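In this text, all values refer to a predicted model and were calculated from it rather than measured experimentally. Because only heavy atoms are used, hydrogens play no part in the values below, and waters and symmetry mates are left out as well, while side chains stay in.
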Amino acid sequence: MPHGSRSVPTRPVQRADGSCSSFLFGGLNGLTGWVCGARAFGCIHRKNHKTSSSCSRSLQHPGLQRPTRLLTRVASATARVQPEVEELEPTPSGPGQQVAEKNELGRLQYSLDYDFQTGQLLVGIVQAEGLAALDIGGSSDPYVRVYLLPDKRRRHETRVHRQTLNPHFGETFAFKVPYVELGGRVLVMAVYDFDRFSRNDAIGEVRVPMSSVDLGRPVLAWRELQAAPREEEKLGDICFSLRYVPTAGKLTVIVLEAKNLKKMDVGGLSDPYVKVHLLQGGKKVRKKKTTIKKNTLNPYYNEAFSFEVPCDQVQKVQVELTVLDYDKLGKNEAIGRVAVGAAAGGAGLRHWADMLANPRRPIAQWHSLRPPDRVRPPPAP
């Protein structure tokens, strides 16, 4: 085991409030309202799931008609929004009613508007209804991921709503896209079931070709969820915990384990180890690494690394974990990376916010590895 690492017990640490908590949450814009601390430290308890088998620029897109009026802001009241009638069937008799048998995944209500003054597409995630239950208790912890194809990297996510199949989101996201390019884009709204100790499961998704949308008026519509297509090659998952002590200015990252890593060696295995980088302003300022685990795709580490991060800097740093395959003769090859921090998105932001919401307490969470060239967060301002 390298210098600076130590084995740590998997006993929960009791929470104690930090001395500068009001500063810590200042940059999260209320995100802590949807963050719930993990009730146990480690990766022992996992939810049981139902498992499945395994523009170019142009003057005017032919399928897009320019509206006759300009919209300056998204509609603030339902009365201003004209629903797309063809997308409203079947109509339920009341909120929360179970959907018809033909829709086993549920359905999603969303809104669309385009602000011509700022050149932004405004996507509102209103609510979902009758979602599939993926947890053993007969419920789900749903959230919605929103992006515009073909660019999947610029995406937004709603808050996680706990233990419900009929969540009300009420969130709006902006995509800065020139109007003449919208016709070639496809809006994807994918609903997931959040799981701290395993991979988040896809419940279903809605795809809207923007060439089919009349942006001459705000749109409010219901759409049935469809099964999500199979995702890109899996690189594996990593579980680690984050702990921050505001009074001491100490950030501790505990690399716990990884699973289902991509096979990198000829024999069908890998020799994985993890590099932990502390980044500030997009630059690596500190580096630690775990021991190497030979011939395994499911390594267990339980190694802790500490960094000095003053309270006034915690919103300006990010932590990046890279899983690499050790090669005695050649160059060590990266399998995948994960980034967490205030500038990260999705699960990385959730984990960071949860850590700040629970000072002095280690918060463990599983993360899916992403390709090495696609995960580094933008430099903090």
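When side chains are defined from C-beta on, V177 counts as touching R185, because their heavy atoms get closer than 4.5 Å. Between L297 and K263, some side-chain heavy-atom pair lies under the 4.5 Å cut-off. Contact check for V319 versus W352: side-chain heavy atoms found under the 4.5 Å cut-off. Here the side chains of E333 and L324 are not in contact, with every heavy-atom distance at 4.5 Å or above. Side-chain contact between M189 and V123 is present, with at least one heavy-atom pair separated by less than 4.5 Å. For the pair D271/N295, a side-chain contact is recorded, criterion being any heavy-atom separation below 4.5 Å from C-beta on. Side-chain contact between W366 and V338: absent, with no pair of heavy atoms (C-beta onward) separated by less than 4.5 Å. Put simply, the side chain of F240 does not reach to within 4.5 Å of the side chain of E257, judged on heavy atoms.
To the nearest 0.5 Å, atoms CG (L182) and CG (L148) are separated by 7.0 Å. Taking OH of Y244 as the reference point, atom CZ of R360 lies at 10.5 Å (rounded to 0.5 Å). Atom CG of L251 sits about 10.5 Å away from atom CZ of R243, to the nearest 0.5 Å. The line from NE2 of H277 to NZ of K284 is 4.0 Å long, rounded to the nearest 0.5 Å. Put simply, CG on L121 and CG on L215 are 6.5 Å apart, with the number rounded to the nearest 0.5 Å. Between atom CG of residue N302 and atom OG1 of residue T290 there is a gap of 11.5 Å, rounded to the nearest 0.5 Å.
Formation of a donor-acceptor pair under 3.5 Å by the S140 side chain with backbone atoms of L134 is found in this model. Side-chain atoms of S270 do not come within 3.5 Å of backbone N or O of P272 as any donor-acceptor pair. A donor-acceptor pair is defined here as one N or O able to donate and one able to accept, closer than 3.5 Å; no such pair exists between the side chain of N166 and the backbone of E129. Of the possible polar contacts, one joining the N358 side chain to the D354 backbone as a donor-acceptor pair under 3.5 Å is found. Within the 3.5 Å criterion, the main-chain N or O of N260 finds a donor-acceptor partner in the side chain of N298. Between the side chain of T158 and the backbone N or O of V144, at least one donor-acceptor pair lies under 3.5 Å. Using a distance-only test at 3.5 Å, with no hydrogens or angles considered, no donor-acceptor pair links the side chain of D327 to the main chain of N332. A distance-only check finds a donor-acceptor pair linking the side chain of S139 to the backbone of T164 [under 3.5 Å]. D193 contributes no side-chain N or O that, together with a main-chain N or O of P142, makes up a donor-acceptor pair within less than 3.5 Å. Remark: side-chain polar atoms of Q127 are not paired, donor with acceptor, to backbone N or O of L108 under 3.5 angstrom.
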- Message: K293 vs Y326, test: side-chain contact (heavy atoms from CB on, under 4.5 Å). Steps then yes/no.
- Response: CA-CA 9 Å; K293 304 299 180 180; Y326 172 76; over 6 Å; no

- Given side-chain contact (heavy atoms from CB on, under 4.5 Å), test T296 with L269 step by step and report yes or no. CA-CA 6 Å; T296 180; L269 294 172; 5.9 Å; no

- Going through the distances and angles, do K250 and E308 end up as a salt bridge (Lys or Arg N to Asp or Glu O under 4.0 Å)? CA-CA 5 Å; K250 183 178 180 181; E308 292 184 3; over 6 Å; no

- Task: Show your working on side-chain contact (heavy atoms from CB on, under 4.5 Å) between F173 and R155 and close with a plain yes or no.
- Result: CA-CA 9 Å; F173 307 104; R155 65 188 188 189; over 6 Å; no

- Item | side-chain contact (heavy atoms from CB on, under 4.5 Å) assessment of L261 paired with K259 | CA-CA 6 Å; L261 296 179; K259 65 179 182 179; over 6 Å; no

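In terms of heavy atoms, R145 sits closest to Y192 at NH1-OH, 3.5 Å. Closest approach of Y114 to Q120, counting heavy atoms only: CD1-O, 3.3 Å. Taking every heavy atom of both residues into account, Q315 and A342 meet most closely at OE1-CB, 3.0 Å. Of all heavy-atom pairs between T291 and Y273, the closest is O-CB, 3.4 Å. Between A304 and T252, the shortest heavy-atom distance links the atoms CB-CG2, 4.3 Å. Among all heavy-atom pairs drawn from D113 and P218, the shortest one is OD2-CG, 4.1 Å.
E205 meets the salt bridge (charged side-chain N to carboxylate O under 4.0 Å, His left out) test with R207; sequence neighbours excluded.
The ring of H156 has its center closer than 6.0 angstrom to the ring center of F175. Aromatic rings of Y143 and H161 (six-membered ring for Trp) have centroids beyond the 6.0 Å cut-off, not under it.
Considering V274, I238, L256 in turn, V274 is the only one that fulfils the side-chain contact (heavy atoms from CB on, under 4.5 Å) rule with Y301.
Cluster membership for V245 and V253, using ILVMFWY side-chain heavy atoms within less than 4.5 angstrom, is not shared.
V188 belongs to a hydrophobic cluster whose other members, connected by ILVMFWY side-chain contacts under 4.5 Å either directly or through intermediates, are Y147, L149, V186.
R337 has a carboxylate O that lies under 4.0 Å from a charged side-chain N of E320, or vice versa, which qualifies the two as a salt bridge. Taking a cutoff of 4.0 Å between a charged side-chain nitrogen and a carboxylate oxygen, E303 and K288 do not qualify as a salt bridge.
Heavy-atom neighbours of K287 NZ from other residues, nucleotides or ligands within 6.0 Å: at or below the threshold of 12.
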